[in-house]
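We count ligands from 1, going down the list as the structure has it; atoms in each ligand are counted the same way.
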Amino acid sequence: MDIISTRNMSRDFIEDVLEKTKKMETIAKAKKQVDMLKGKTLATLFFEPSTRTKLSFMAAMNLLGGTVVGFDDPRTSSVKKGETLADTIRVVEGYANAIVIRHPNEGAAALAAKFSEVPIINGGDGSNQHPTQALLDMYTILKEKGKLDGLKVTLAGDLKYGRTVHSLAYALSKFDVSFVFASPPSLRMPRWIVSDLKSSGISIKEIDSIEVKSDVLYLTRIQKERFPDIEEYQRVSSAYILDEETLKELGEETMIMHPLPRVNEISPGVDNDRRAKYFVQSFYGVPTRMALLAMVMADI
Ligand code: NCD
(Lines give C-alpha, C1' and ligand atoms only; values in the text may rest on other atoms or scores of the structure.)
Protein backbone atom coordinates (compact mmCIF):
# COMPACT_ATOMS: atom_id res chain seq x y z
CA MET A 1 0.00 0.00 0.00
CA ASP A 2 1.31 3.44 -0.96
CA ILE A 3 0.26 6.80 0.54
CA ILE A 4 0.55 9.23 -2.34
CA SER A 5 -2.47 11.54 -2.33
CA THR A 6 -5.67 12.26 -0.44
CA ARG A 7 -7.55 12.84 -3.68
CA ASN A 8 -8.73 9.27 -3.96
CA MET A 9 -8.60 8.37 -0.28
CA SER A 10 -11.90 7.04 0.99
CA ARG A 11 -13.69 8.26 4.07
CA ASP A 12 -13.39 4.72 5.48
CA PHE A 13 -9.63 4.71 5.04
CA ILE A 14 -9.28 8.12 6.68
CA GLU A 15 -11.44 7.05 9.62
CA ASP A 16 -9.38 3.91 9.98
CA VAL A 17 -6.14 5.94 10.12
CA LEU A 18 -7.65 8.28 12.71
CA GLU A 19 -8.74 5.39 14.89
CA LYS A 20 -5.30 3.81 14.75
CA THR A 21 -3.71 7.17 15.45
CA LYS A 22 -5.70 7.36 18.66
CA LYS A 23 -4.16 4.08 19.83
CA MET A 24 -0.69 5.28 18.89
CA GLU A 25 -1.13 8.54 20.76
CA THR A 26 -0.72 6.79 24.10
CA ILE A 27 2.64 5.35 23.04
CA ALA A 28 3.73 8.67 21.52
CA LYS A 29 2.88 10.54 24.71
CA ALA A 30 4.66 8.00 26.91
CA LYS A 31 7.69 8.02 24.54
CA LYS A 32 8.14 4.34 25.35
CA GLN A 33 9.30 2.06 22.60
CA VAL A 34 7.23 -0.96 21.55
CA ASP A 35 8.32 -3.72 19.17
CA MET A 36 5.59 -3.59 16.53
CA LEU A 37 8.08 -2.79 13.74
CA LYS A 38 11.11 -4.47 15.25
CA GLY A 39 13.51 -5.57 12.52
CA LYS A 40 11.93 -3.26 9.92
CA THR A 41 13.74 -0.42 8.21
CA LEU A 42 12.30 2.84 6.93
CA ALA A 43 14.20 4.84 4.33
CA THR A 44 13.68 8.61 4.32
CA LEU A 45 14.70 10.32 1.10
CA PHE A 46 14.43 14.06 1.55
CA PHE A 47 15.28 16.04 -1.56
CA GLU A 48 13.85 19.18 0.08
CA PRO A 49 14.26 20.71 3.55
CA SER A 50 12.13 19.32 6.37
CA THR A 51 12.00 19.48 10.14
CA ARG A 52 8.63 18.12 11.27
CA THR A 53 7.95 15.57 8.58
CA LYS A 54 11.37 13.98 8.72
CA LEU A 55 11.83 14.05 12.48
CA SER A 56 8.33 12.86 13.28
CA PHE A 57 8.70 9.95 10.85
CA MET A 58 12.01 9.09 12.53
CA ALA A 59 10.52 9.39 16.01
CA ALA A 60 7.50 7.32 14.94
CA MET A 61 9.67 4.56 13.52
CA ASN A 62 11.85 4.55 16.60
CA LEU A 63 8.85 4.31 18.95
CA LEU A 64 7.62 1.29 17.01
CA GLY A 65 10.99 -0.40 17.41
CA GLY A 66 12.23 -0.01 13.82
CA THR A 67 15.29 1.57 12.24
CA VAL A 68 15.66 4.54 9.90
CA VAL A 69 18.19 5.07 7.11
CA GLY A 70 18.20 7.93 4.65
CA PHE A 71 19.48 11.27 3.47
CA ASP A 72 18.21 14.77 3.81
CA ASP A 73 20.69 16.54 1.61
CA PRO A 74 20.69 15.12 -1.91
CA ARG A 75 24.03 16.89 -2.50
CA THR A 76 25.67 14.25 -0.32
CA SER A 77 23.99 11.35 -2.16
CA SER A 78 24.51 9.94 -5.65
CA VAL A 79 21.71 12.19 -6.86
CA LYS A 80 24.50 14.75 -7.08
CA LYS A 81 26.25 12.48 -9.58
CA GLY A 82 23.18 12.47 -11.80
CA GLU A 83 21.42 9.33 -10.60
CA THR A 84 17.77 9.25 -11.66
CA LEU A 85 14.96 9.00 -9.13
CA ALA A 86 13.97 5.65 -10.63
CA ASP A 87 17.46 4.22 -10.00
CA THR A 88 17.66 5.65 -6.48
CA ILE A 89 14.33 4.00 -5.65
CA ARG A 90 15.30 0.64 -7.17
CA VAL A 91 18.40 0.64 -5.02
CA VAL A 92 16.86 1.90 -1.77
CA GLU A 93 13.95 -0.56 -1.90
CA GLY A 94 16.57 -3.24 -1.39
CA TYR A 95 17.57 -1.64 1.91
CA ALA A 96 14.18 -0.85 3.41
CA ASN A 97 10.64 -2.07 4.09
CA ALA A 98 9.10 1.29 3.19
CA ILE A 99 10.26 4.61 1.78
CA VAL A 100 9.24 8.16 2.66
CA ILE A 101 10.09 10.59 -0.10
CA ARG A 102 9.95 14.39 -0.24
CA HIS A 103 10.77 15.90 -3.60
CA PRO A 104 10.43 19.29 -5.33
CA ASN A 105 8.72 17.78 -8.39
CA GLU A 106 4.99 17.19 -8.51
CA GLY A 107 4.33 13.54 -9.19
CA ALA A 108 7.69 12.35 -7.81
CA ALA A 109 6.10 10.10 -5.17
CA ALA A 110 3.75 8.53 -7.71
CA LEU A 111 6.71 7.94 -10.00
CA ALA A 112 8.69 6.37 -7.15
CA ALA A 113 5.74 4.06 -6.43
CA LYS A 114 5.90 2.80 -10.02
CA PHE A 115 9.45 1.62 -9.53
CA SER A 116 9.22 0.40 -5.96
CA GLU A 117 8.29 -3.01 -4.62
CA VAL A 118 8.04 -1.58 -1.10
CA PRO A 119 5.39 0.95 0.03
CA ILE A 120 6.03 4.60 -0.83
CA ILE A 121 4.82 7.38 1.45
CA ASN A 122 4.66 10.86 -0.01
CA GLY A 123 6.28 13.35 2.37
CA GLY A 124 5.44 16.21 -0.02
CA ASP A 125 5.85 16.46 -3.80
CA GLY A 126 6.35 20.02 -5.01
CA SER A 127 3.18 22.03 -4.65
CA ASN A 128 1.02 18.99 -5.27
CA GLN A 129 0.28 16.87 -2.18
CA HIS A 130 1.33 16.23 1.42
CA PRO A 131 -1.08 13.48 2.50
CA THR A 132 0.43 12.57 5.87
CA GLN A 133 0.20 16.21 6.94
CA ALA A 134 -3.49 16.22 5.97
CA LEU A 135 -4.13 13.12 8.08
CA LEU A 136 -2.48 14.64 11.13
CA ASP A 137 -4.46 17.83 10.50
CA MET A 138 -7.66 15.78 10.39
CA TYR A 139 -6.69 14.09 13.64
CA THR A 140 -6.07 17.48 15.27
CA ILE A 141 -9.47 18.77 14.16
CA LEU A 142 -11.20 15.61 15.37
CA LYS A 143 -9.47 15.83 18.76
CA GLU A 144 -10.30 19.48 19.24
CA LYS A 145 -13.80 19.59 17.77
CA GLY A 146 -14.89 16.03 18.53
CA LYS A 147 -16.13 15.61 14.95
CA LEU A 148 -15.30 16.23 11.31
CA ASP A 149 -18.80 16.54 9.91
CA GLY A 150 -20.68 19.82 10.04
CA LEU A 151 -17.63 22.09 10.24
CA LYS A 152 -16.86 25.32 8.42
CA VAL A 153 -13.17 25.38 7.56
CA THR A 154 -11.19 28.37 6.31
CA LEU A 155 -7.97 27.67 4.45
CA ALA A 156 -5.94 30.85 4.17
CA GLY A 157 -2.73 32.12 2.61
CA ASP A 158 -0.96 30.42 -0.26
CA LEU A 159 -3.61 28.12 -1.67
CA LYS A 160 -1.89 27.93 -5.04
CA TYR A 161 1.49 26.48 -4.11
CA GLY A 162 0.66 25.11 -0.64
CA ARG A 163 0.57 21.32 -0.84
CA THR A 164 -0.76 20.93 2.70
CA VAL A 165 -3.99 22.75 1.85
CA HIS A 166 -4.43 20.75 -1.35
CA SER A 167 -4.25 17.49 0.58
CA LEU A 168 -6.34 18.76 3.48
CA ALA A 169 -9.09 20.09 1.21
CA TYR A 170 -9.44 16.70 -0.50
CA ALA A 171 -9.37 14.80 2.79
CA LEU A 172 -12.00 17.05 4.38
CA SER A 173 -14.17 16.83 1.28
CA LYS A 174 -14.93 13.20 2.18
CA PHE A 175 -16.81 14.64 5.17
CA ASP A 176 -19.72 17.04 5.42
CA VAL A 177 -17.79 20.33 5.57
CA SER A 178 -18.03 23.75 3.97
CA PHE A 179 -14.98 25.72 2.88
CA VAL A 180 -13.87 29.31 2.82
CA PHE A 181 -10.76 29.78 0.70
CA ALA A 182 -9.05 33.04 1.67
CA SER A 183 -6.11 34.12 -0.45
CA PRO A 184 -4.77 36.93 -2.59
CA PRO A 185 -6.28 36.60 -6.10
CA SER A 186 -2.92 35.43 -7.51
CA LEU A 187 -2.69 32.59 -4.95
CA ARG A 188 -6.14 31.07 -5.30
CA MET A 189 -6.76 27.35 -4.99
CA PRO A 190 -6.06 25.75 -8.41
CA ARG A 191 -9.22 25.66 -10.54
CA TRP A 192 -9.10 21.93 -11.09
CA ILE A 193 -9.05 21.28 -7.34
CA VAL A 194 -11.99 23.63 -6.80
CA SER A 195 -13.94 21.87 -9.52
CA ASP A 196 -13.10 18.43 -8.07
CA LEU A 197 -14.29 19.58 -4.65
CA LYS A 198 -17.46 21.13 -6.01
CA SER A 199 -18.30 17.98 -7.88
CA SER A 200 -18.35 16.12 -4.57
CA GLY A 201 -21.07 18.54 -3.45
CA ILE A 202 -18.99 20.77 -1.16
CA SER A 203 -19.87 24.44 -0.71
CA ILE A 204 -16.90 26.76 -1.31
CA LYS A 205 -16.66 30.50 -0.80
CA GLU A 206 -13.56 32.22 -2.20
CA ILE A 207 -12.55 35.55 -0.69
CA ASP A 208 -9.48 37.75 -0.64
CA SER A 209 -9.63 38.82 2.97
CA ILE A 210 -9.23 36.65 6.05
CA GLU A 211 -12.32 34.97 7.51
CA VAL A 212 -12.05 34.63 11.25
CA LYS A 213 -15.40 33.17 12.28
CA SER A 214 -15.07 29.58 11.02
CA ASP A 215 -14.71 26.49 13.19
CA VAL A 216 -11.17 26.09 11.86
CA LEU A 217 -8.81 28.79 10.59
CA TYR A 218 -5.91 27.06 8.84
CA LEU A 219 -3.13 29.48 7.93
CA THR A 220 -0.24 28.72 5.61
CA ARG A 221 3.16 30.11 4.74
CA ILE A 222 3.50 31.85 1.39
CA GLN A 223 5.67 29.27 -0.42
CA LYS A 224 8.53 31.53 -1.46
CA GLU A 225 10.58 28.72 -3.01
CA ARG A 226 7.83 27.94 -5.55
CA PHE A 227 7.54 31.46 -7.01
CA PRO A 228 9.06 31.84 -10.47
CA ASP A 229 9.24 35.61 -9.80
CA ILE A 230 10.57 36.94 -6.50
CA GLU A 231 8.88 40.32 -7.01
CA GLU A 232 5.53 38.58 -7.16
CA TYR A 233 6.43 36.88 -3.87
CA GLN A 234 7.25 40.23 -2.30
CA ARG A 235 3.88 41.64 -3.38
CA VAL A 236 1.96 38.94 -1.50
CA SER A 237 4.38 37.99 1.27
CA SER A 238 2.47 39.78 4.01
CA ALA A 239 -0.96 38.91 2.70
CA TYR A 240 -2.51 37.31 5.77
CA ILE A 241 -1.26 37.94 9.22
CA LEU A 242 -2.86 36.88 12.45
CA ASP A 243 -1.64 39.10 15.27
CA GLU A 244 -2.98 40.31 18.59
CA GLU A 245 -5.10 42.88 16.75
CA THR A 246 -6.84 40.44 14.35
CA LEU A 247 -7.14 37.96 17.21
CA LYS A 248 -9.76 40.25 18.76
CA GLU A 249 -12.04 39.50 15.80
CA LEU A 250 -11.53 35.73 15.98
CA GLY A 251 -14.55 33.53 16.74
CA GLU A 252 -14.72 32.31 20.35
CA GLU A 253 -14.44 28.68 19.22
CA THR A 254 -12.30 29.15 16.11
CA MET A 255 -9.26 26.91 16.34
CA ILE A 256 -6.08 28.24 14.75
CA MET A 257 -3.99 25.76 12.80
CA HIS A 258 -0.79 26.02 10.75
CA PRO A 259 1.34 23.20 9.31
CA LEU A 260 4.48 25.16 10.29
CA PRO A 261 7.06 26.48 9.66
CA ARG A 262 5.54 29.94 10.00
CA VAL A 263 7.27 33.06 8.77
CA ASN A 264 5.13 36.06 9.64
CA GLU A 265 1.59 34.66 9.29
CA ILE A 266 1.02 34.24 13.02
CA SER A 267 2.73 36.57 15.42
CA PRO A 268 4.23 34.94 18.52
CA GLY A 269 1.80 36.96 20.64
CA VAL A 270 -0.94 34.57 19.47
CA ASP A 271 0.82 31.44 20.75
CA ASN A 272 -0.61 31.51 24.25
CA ASP A 273 -4.18 32.00 23.14
CA ARG A 274 -6.31 28.95 24.00
CA ARG A 275 -7.46 28.69 20.38
CA ALA A 276 -3.89 28.34 19.03
CA LYS A 277 -3.41 24.65 18.21
CA TYR A 278 -0.42 24.56 15.87
CA PHE A 279 2.07 23.11 18.31
CA VAL A 280 -0.19 20.30 19.45
CA GLN A 281 -0.96 19.79 15.75
CA SER A 282 2.73 19.21 15.03
CA PHE A 283 2.92 16.73 17.93
CA TYR A 284 0.11 14.70 16.37
CA GLY A 285 2.47 14.10 13.45
CA VAL A 286 4.10 11.39 15.54
CA PRO A 287 1.06 9.18 16.34
CA THR A 288 -0.39 9.73 12.87
CA ARG A 289 2.84 8.61 11.22
CA MET A 290 3.12 5.69 13.64
CA ALA A 291 -0.32 4.55 12.51
CA LEU A 292 0.61 4.91 8.84
CA LEU A 293 3.93 3.11 9.25
CA ALA A 294 2.25 0.25 11.09
CA MET A 295 -0.43 0.04 8.42
CA VAL A 296 2.02 -0.14 5.53
CA MET A 297 4.64 -2.35 7.19
CA ALA A 298 2.82 -4.50 9.76
CA ASP A 299 -0.57 -4.60 8.11
CA ILE A 300 -2.39 -3.63 11.33
C1 NCD B 1 4.85 22.07 5.00
C2 NCD B 1 5.42 21.53 3.71
O3 NCD B 1 6.55 21.07 3.66
O4 NCD B 1 4.65 21.54 2.76
N5 NCD B 1 5.64 21.76 6.11
C6 NCD B 1 5.33 20.63 6.84
O7 NCD B 1 5.55 19.54 6.39
N8 NCD B 1 4.71 20.82 8.01
C9 NCD B 1 4.44 23.47 4.97
C10 NCD B 1 5.38 24.53 4.47
O11 NCD B 1 6.54 24.25 4.14
O12 NCD B 1 4.95 25.68 4.42
| said: Go through it in stages, so that I can follow the logic: the residues are Met290 and Ile27, the test is side chain to side chain contact (heavy atoms under 4.5 Å, CB included), and I'd like the CA-CA distance, side-chain angles, deciding distance and then a yes or no. | reply: CA-CA 9 Å; Met290 289 169 78; Ile27 307 172; 3.8 Å; yes

| task | Verify side chain to side chain contact (heavy atoms under 4.5 Å, CB included) between Ile300 and Met36, making sure each step is shown before the conclusion. | result | CA-CA 10 Å; Ile300 64 152; Met36 197 180 283; 4.1 Å; yes

One pair per line, please: each N/O atom of ligand 1 matched with every protein N/O atom under 3.5 Å away, atom names first, then the distance to 0.1 Å.
| residue | atom | partner | partner atom | Å |
| --- | --- | --- | --- | --- |
| ligand 1 | 3 (O) | Arg102 | NH1 | 3.3 |
| ligand 1 | 3 (O) | Arg102 | NH2 | 3.2 |
| ligand 1 | 3 (O) | Arg163 | NH2 | 2.9 |
| ligand 1 | 4 (O) | Arg163 | NE | 2.8 |
| ligand 1 | 5 (N) | Leu260 | O | 3.2 |
| ligand 1 | 7 (O) | Thr53 | OG1 | 3.0 |
| ligand 1 | 7 (O) | Arg102 | NH2 | 3.1 |
| ligand 1 | 7 (O) | His130 | NE2 | 2.8 |
| ligand 1 | 8 (N) | Gln133 | OE1 | 3.1 |
| ligand 1 | 8 (N) | Pro259 | O | 2.9 |
| ligand 1 | 8 (N) | Leu260 | O | 2.9 |
| ligand 1 | 11 (O) | Arg221 | NH2 | 2.9 |
| ligand 1 | 12 (O) | Arg221 | NE | 2.9 |
| ligand 1 | 12 (O) | Arg221 | NH2 | 3.3 |
| ligand 1 | 12 (O) | Gln223 | NE2 | 2.8 |

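Put simply, the residue from Tyr278, Phe279, Tyr139 that forms a ring-ring contact (aromatic ring centres under 6.0 Å, His included) with Tyr284 is Tyr139.
Between the side chains of Glu211 and Thr154, not a single donor N or O lies within less than 3.5 Å of an accepting N or O.
Cation-pi geometry between Arg102 and Phe46 is not met: the NZ or CZ atom fails to fall both under 6.0 Å from the ring centre and inside 45° of the normal.
Counting non-hydrogen atoms of neighbouring residues, nucleotides and ligands closer than 6.0 angstrom, the NZ atom of Lys213 exceeds 12 such neighbours.
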